[in-house]
Amino acid sequence: MERLRSAARKAGRDPSEITLVAVTKSVDVKEIREAISGGLRVFGENYIQEALEKVKKIRDKTKKWHFIGHLQTNKARDAVRYFSCIHSIDSVKLLHQIEKEASKLQKQMDVLLEVNLGGEETKYGFAFNQLQDGLEASKGLTWSGVRGFMIIPPFREDPEAARPYFRQLRELLQQKQPDFPTLQELSMGMSHDYVVAVQEGATMVRIGTALFGERG
Ligand SMILES: *Cc1c(COP(=O)(O)O)cnc(C)c1O
């Protein structure tokens with residue numbers, strides 16, 4: 001947390017603008033409780049089944065759970081029930097499914113559109129030329145607010161290799177804001193490249209390894 005604050009200050013940014021999402025995939029409940037004692041408030045999970053077991057055990061309404069993994073439409077109900085924000089909306093179909101479930105539960109959801117700027121076939125997300133469709137689809141929704149974009153850039157050891165993707169995502173957000181003013185959030189940056197992401201405007205960083213160690 002201190003390193004993130006210091007990265008924000010060095011980048012000339014207010015640390016309170018940046019949410020640290022502690023990624024707890026494969027991290028057990030005991031460790032999550034320790035993380036809560038240490039001051040972490042927002043947790044990110046990738047797999048619904050794994051997440052539900054933990055969320056139900058922790059039962060702490062003051063903590064927020066964000067879903068950051070690939071979400072199948074048949075898991076949308078659980079995602080809406082147990083999470084406050086979904087970073088990984090990757091199709092119009094999924095967006096509509098979230099809206100449907102959120103409407104049933106009368107629950108306001110924050111969602112982010114995942115953008116596959118690297119054009120990688122192994123990654124999910126809207127391709128650059130499909131993003132407008134996702135945004136247009138968000139216009140008619142009542143329960144799901146599209147708050148911004150998320151990216152997982154192609155993995156390179158060198159964090160500088162991620163910079164062009166982070167920058168492009170920020171420019172894309174700025175470009176779309178006049179038509180879609182709810183777009184404010186940039187979910188970008190992981191353990192190895194969050195400093196670069198913060199320099200490029202990240203408002204949410206998703207950090208696992210740097211908090212909990214290497215996953216087994
Ligand atoms: C696992 C994961 C992270 C965290 O990665 P670390 O390198 O462990 O910080 C962030 N975002 C997503 C989508 C992930 O799946």
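First listed ligand is number 1; within each ligand, the first listed atom is number 1. Values in this document were obtained by computation on a predicted structure and should not be read as measured data.
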Distance filter under 4.0 Å to [X] heavy atoms, resulting ligand 1 atoms:
X	result
Thr209	6 (P), 7 (O), 8 (O), 9 (O)
Ile207	9 (O)
Arg206	4 (C), 9 (O), 10 (C), 11 (N), 12 (C), 13 (C)
Ile68	11 (N), 12 (C), 13 (C), 14 (C)
Ile152	13 (C)

> Considering only heavy atoms, does His192 approach ligand 1 within less than 4.0 Å through its side chain, its backbone, both, or neither?
Replying inline: neither
>> Tell me the contacting part of Asn46 for ligand 1: side chain, backbone, both, or neither, using a 4.0 Å heavy-atom threshold, strictly below.
In response: side chain
> Can we say Glu200 and Arg170 salt-bridge, meaning some charged N sits less than 4.0 Å from an Asp/Glu carboxylate O?
Replying inline: yes
>> If the threshold is 4.0 Å, N to carboxylate O, is there a salt bridge linking Glu171 and Arg167?
In response: no
Any idea which protein heavy atom is nearest [atom], and the distance to it?
atom	value
atom 1 (C) of ligand 1	Lys25 NZ, 1.5 Å
atom 5 (O) of ligand 1	Met190 CE, 3.6 Å
atom 9 (O) of ligand 1	Ser191 OG, 2.5 Å

>> With a sphere of 6.0 Å drawn around NZ of Lys93, does it hold more than 12 non-hydrogen atoms of other residues, nucleotides or ligands?
In response: no
>> If you count heavy atoms of other groups shown closer than 6.0 angstrom to OH of Tyr124, is the number above 12?
In response: no
> Can you check side chain to side chain contact (heavy atoms under 4.5 Å, CB included) on Arg41 and Thr62, steps first, answer last?
Replying inline: CA-CA 8 Å; Arg41 293 292 172 262; Thr62 66; 5.5 Å; no
> Going by heavy atoms, is Arg215 under 4.0 Å from ligand 1?
Replying inline: yes
> Side-chain donor-acceptor pair under 3.5 Å between Lys176 and Gln132, yes or no?
Replying inline: yes
> Are Glu114 and Ser88 close enough that a side-chain donor and a side-chain acceptor fall under 3.5 Å?
Replying inline: no
> So do Gln184 and Arg147 actually touch side chain to side chain, heavy atoms under 4.5 Å?
Replying inline: no
